[in-house]
S.K.: 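Sharing a structure below in structure tokens format, with a few things to ask.
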Amino acid sequence: MKDSLVALLVESMRTLQARGDVPSDLDLTPQLERARDRQFGDFASNLAMVLAKPSRQSPRKLAEQLINALPSDPRVERVEVAGPGFINFYVRPDGHHSTIGQVLDQAAAYGHTNLGAGQHIQVEFVSANPTGPLHVGHGRGAAYGACVANVLAACGYEVTREYYVNDAGRQMDILATSVWLRYLEVCGEELSFPDNGYRGDYVIDLAKSLHQQLGKRLHKSAESVFDELPADGRDGGDKEAHIDALIKRCQQLLGKTEYRLLFDHGLDGIRADIAADLEAFGVHYDLWFSERSLSEADAIEKAIEALVAKGLVYQEAGARWFASTRFGDDKDRVVQREDGRYTYFAADIAYHHNKFERGFDRIVNVWGADHHGYIPRVRAAVEALGHDPEHLQVRLVQFAILYRGSERVQMSTRSGSFITLRELREEVGNDAARFFYVLRKAEQHMDFDLELAKSQSKDNPVYYIQYAHARIASMRRKLNADAATTFDPAYALEQLHQLTEEREQQLVDEIARYPEVVEHAARTLEPHLIAHYLRDLASHFHVYYNGHRVLVEEANLRAARVALCVAVQQVLRNGLDLLGVQAPERM
RNA sequence: GCGCCUGUAGCUCAAUCGGAUAGAGCAACGGCCUUCUAAGCCGUCGGUUGCAGGUUCGAUUCCUGCCAGGCGCGCCA
């Protein structure tokens, strides 16, 4: 419908151009949007206002001319000029009703478009270090990333959902060492756990399972571990130096093979836990990309060498630097340390190089807002390696501040007093968690009220939408209970002219809008639009259902109304599906 | 100090890539259940869109400068 109206406007504009009323060198596609208010018809275009200046005519006068030159279309009831020069289209009722048929026909595919045209797009999200369970901050990235991926897939993109596993580097060594120390405790050693170690209970669990698997094979005495180590922070020393020395000692005492065994036990245990957590949250991945696999394939070295070949790497103060300032970064960045080890950034250069080499047309990174300073250097690297930085989009997700009622929930990662995603899911449920996370724009700071999310009351917007779906399901059960009234779509679609109520028109309009909302969400990577849309749709439904009886005696009218409700239910289900929220049959 | 994000009703947030009279929910107050689920509906109350300029037919949206909050500015990850 929308497309054909745009075509009409193009026709009309061409006619005026041929007449010389509008400069012929203008080549623009008319903007047509769904009217905000019913009094302005169904669709509105600002074409006349845009053309007014170059044509040196008043917008309203131009609008009149455009309307007069408009080819006729049987679906259009009338076209009017309004306000400063809007061209408002009024569509005939049967033009509206056809959407009900479309929804019933396309079912789960209704709302899907071919915006992406099969383009390959990668969405990388969460990618939290596997040093502990996911917390509620990661949850928002998970919900957002999953929805973005779903929406893109619905719009015809070939989507790869990816998690970058930082399974190399110092933090992981700290984790391995932490597990080992707990393991030694299980073996009966007494020791003072380092300030900078990971203190969570999950570390103790990992130590116990390690002990179960290997017995005392990795056992060393506490004396041999702590002998002549630099003092820890609490003893007046440097806690960083202390933990680094501990890691080194651990590696020395265990040897390469045994250390790897320990390291992988921690890594695999936590990665499996994260994967299970996300899976239970309805977040699925196509690929868990290992950082370690980059160094094992010498990909980091190769990526840096590629920069060297372009003359973008130089030596200074013992380290090697990438001249990222040449591509807009604030300062140049170290890629290889004095001791020869590559930096985290170097691995990320290789990773992004790898992404582009895999042939993705677009790459979307979902990062926590605290990483925003990192964007310019990654873009610089991408560009330096000869890739189009425009094809890399970084979306920042702000943190959620948790509240219990009006009281703020305090969290700190180090002390282990953070709330995990799992705890959140258990407390408020997956549906509420998913919905609350994506209800807000990603870059908006968000207040997440646990009390509200778990309240099984009308205050909770998740239930409001689910309830609309369940109500329709209930109505259909009642309908199907009697064979004489069973819903017959083919027959019902012949009866749609029965839908003459104002509120029925509004509901149909609302349904017709859905594909545009999905497409808009895909274009802007803003799934919150869908959450808001669903609340609007549910609201329109509740209003209608409260004011008009659907299961009336008169068979034709009943069939038409049921068809409308079935269509509403389908759209609710499709939308909730994109958000990863259940559409219950009963509540 | 520099950079990024945010600032909209008492609270939490929307506002269709610059559109018409800035909208919901919650909170407050008043109504609607012998009828398809009251987890619902209807009504009332609520605004100088942080402030000041600019761009234009038109600005919550774009630009500049201030103010306030958050985050970042490592050979950490």
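Below, read A as the first sequence line, B as the second, and so on, with proteins coming before strands; counting in each chain starts at 1.
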S.K.: What is the base-pairing partner of B/A59, counting Watson-Crick and G-U wobble geometry with both distances under 3.5 Å?
M.R.: none

S.K.: Heavy-atom distance under 4.5 Å between the side chains of A/Ile243 and A/Asp232, does that happen here?
M.R.: no

S.K.: Please check if the number of heavy atoms outside A/Gln39 that lie under 6.0 Å from its CD is greater than 12.
M.R.: yes

S.K.: Once you round it to whole Å, what is the distance between P of B/G19 and CE of A/Met49?
M.R.: 10 Å

S.K.: From C-beta outward on A/Asn546, which listed nucleotide comes closest to its side chain: B/G40, B/C5, B/A15?
M.R.: B/G40

S.K.: If you check every side-chain atom of A/Leu396, which of B/C4, B/C41, B/A14 has the closest atom?
M.R.: B/C4

S.K.: With a cut-off of less than 4.0 Å, is there a side-chain N or O of A/Lys441 near OP1 or OP2 of B/A15?
M.R.: yes

S.K.: Side chains of A/Asn166 and A/Gln171 only: does a donor on one sit below 3.5 Å from an acceptor on the other?
M.R.: no

S.K.: Can you tell me if A/Arg34 touches the phosphate of B/U16, counting only side-chain N or O atoms and a distance under 4.0 Å to OP1 or OP2?
M.R.: no

S.K.: What nucleic acid atoms does A/Asp447 come within less than 4.0 Å of, heavy atoms only: base, sugar-phosphate, or nothing?
M.R.: sugar-phosphate

S.K.: Could you give the CD-to-C1' distance, from A/Glu33 to B/G18, as a whole number of Å?
M.R.: 10 Å

S.K.: Taking atom C1' in both B/G40 and B/C4, compute the distance separating them and give it to the nearest angstrom.
M.R.: 44 Å

S.K.: Give none if B/C11 has no partner; otherwise give the nucleotide forming a Watson-Crick or G-U wobble pair with it, both distances under 3.5 Å.
M.R.: B/G25

S.K.: Please determine, by modelled atom types, if A/Tyr544 and A/Glu504 share a side-chain donor-acceptor pair under 3.5 angstrom.
M.R.: yes

S.K.: NA contact type, A/Leu439, heavy-atom cut-off 4.0 Å: base, sugar-phosphate, or nothing?
M.R.: nothing

S.K.: Return the nucleotide paired to B/G3: Watson-Crick means purine N1 to pyrimidine N3 with N6-O4 or O6-N4, wobble means G-U with N1-O2 and O6-N3, both under 3.5 Å.
M.R.: B/C71

S.K.: Under the 3.5 Å rule, do the base of B/U21 and the side chain of A/Gln39 count as making a donor-acceptor pair?
M.R.: yes

S.K.: A/Phe86 on top of B/A20's base, within under 5.5 Å and under 30°?
M.R.: yes

S.K.: Is it the case that atom CD in A/Glu516 sees more than 12 heavy atoms from other parts of the structure closer than 6.0 Å?
M.R.: yes

S.K.: Within the stacking criterion (centroid distance below 5.5 Å, interplanar angle below 30°), does A/Tyr464 stack on B/A39?
M.R.: no

S.K.: Can you tell me how far C1' in B/A59 sits from the matching atom in B/C17, rounded to whole Å?
M.R.: 15 Å

S.K.: Heavy-atom nearest nucleotide on RNA chain B for A/Arg440 versus A/Arg503: which residue maps closer to 5'?
M.R.: A/Arg440

S.K.: Could you tell me how far B/A15 sits from B/G7 if I compare only their C1' atoms? Round to whole Å.
M.R.: 16 Å

S.K.: Any idea how A/Trp321 and A/Tyr314 line up, ring-wise: parallel (<30°), tilted (30 to 60°), or perpendicular (>60°)?
M.R.: parallel

S.K.: Taking the C1' atom of each, how far is B/A9 from B/C5, in whole Å?
M.R.: 24 Å

S.K.: Does a nitrogen or oxygen in the side chain of A/Tyr545 sit under 4.0 Å from OP1 or OP2 of B/U35?
M.R.: no

S.K.: With syn defined as a glycosidic torsion within 90 degrees of 0 and anti otherwise, which applies to B/C51?
M.R.: anti

S.K.: Using a 4.0 Å heavy-atom cut-off, does A/Val550 contact any base of the nucleic acid, only the sugar-phosphate backbone, or nothing at all?
M.R.: base

S.K.: Just checking A/His540: base, sugar-phosphate only, or nothing, at a heavy-atom cut-off of under 4.0 Å?
M.R.: nothing

S.K.: With both distances under 3.5 Å as the test, what is the Watson-Crick or G-U wobble partner of B/G40?
M.R.: B/C32

S.K.: Each nucleotide in nucleotides 71-77 of chain B should get exactly one letter: B, S or -. Can you fill that in based on protein heavy atoms under 4.0 Å?
M.R.: BS-SBSB

S.K.: Separation of A/Glu526 atom CD from B/A15 atom C1', in whole Å?
M.R.: 11 Å

S.K.: For atom C1', what is the distance between B/C11 and B/C73, given to the nearest Å?
M.R.: 34 Å

S.K.: Considering only atom C1', compute the distance from B/C76 to B/A68 and round it to an integer number of Å.
M.R.: 31 Å

S.K.: Round to a whole Å and report the spacing from CZ of A/Arg535 to C1' of B/A15.
M.R.: 13 Å

S.K.: Determine the contact category for A/Met172: base if any of its heavy atoms lies under 4.0 Å from a base atom, sugar-phosphate if only primed atoms, P, OP1 or OP2 are that close, otherwise nothing.
M.R.: nothing

S.K.: Does a side-chain N-to-carboxylate-O contact under 4.0 Å join A/Asp339 and A/Arg337?
M.R.: no

S.K.: Looking for any heavy atom pair under 4.0 Å, which part of the strands does A/Ala35 touch: base, sugar-phosphate only, or nothing?
M.R.: nothing

S.K.: Report yes or no: is there a donor-acceptor pair, N or O only, under 3.5 Å between the side chain of A/Asn88 and the base of B/A20?
M.R.: yes

S.K.: May I ask you to test the A/Tyr164-A/Leu294 pair for a side-chain heavy-atom distance under 4.5 Å?
M.R.: yes

S.K.: Taking only the side-chain nitrogens and oxygens of A/His528, find out if one of them lies under 4.0 Å from OP1 or OP2 of B/A15.
M.R.: yes

S.K.: Can a side chain N or O of A/Lys53 be found less than 4.0 Å away from OP1 or OP2 on B/C57?
M.R.: yes

S.K.: Among B/G40, B/C42, B/C5, which is the nearest nucleotide to the side chain of A/Arg471?
M.R.: B/G40

S.K.: Check whether any side-chain N or O of A/Arg36 sits under 4.0 Å from OP1 or OP2 of B/A22, and answer yes or no.
M.R.: no

S.K.: Looking for any heavy atom pair under 4.0 Å, which part of the strands does A/Thr524 touch: base, sugar-phosphate only, or nothing?
M.R.: nothing

S.K.: Atom CZ of A/Arg60 to atom C1' of B/A20: distance rounded to whole Å?
M.R.: 12 Å

S.K.: For A/Asp42, run the side chain to side chain donor-acceptor pair (under 3.5 Å) check against A/His96, A/Arg34, A/Lys2 and tell me which one passes.
M.R.: A/His96

S.K.: Could you measure between the two C1' atoms, the one in B/A27 and the one in B/A20, and give it in whole Å?
M.R.: 31 Å

S.K.: When the P atoms of B/U16 and B/A24 are considered, how many whole Å apart are they?
M.R.: 15 Å

S.K.: Quickly work out the A/His532 NE2 to B/A24 P distance and round it to whole Å.
M.R.: 14 Å

S.K.: For A/Arg476 and A/Gln569, test the side chains for any donor-to-acceptor distance below 3.5 angstrom and give the result as yes or no.
M.R.: yes

S.K.: A/Leu402 CG to B/U12 C1': how many Å, rounded?
M.R.: 15 Å

S.K.: Measure the distance from CZ on A/Phe43 to C1' on B/G19 and round it to the nearest whole Å.
M.R.: 17 Å

S.K.: Looking at A/Gln31, I'd like to know if its CD atom is crowded, meaning that more than 12 non-hydrogen atoms belonging to other residues, nucleotides or ligands lie closer than 6.0 Å.
M.R.: no

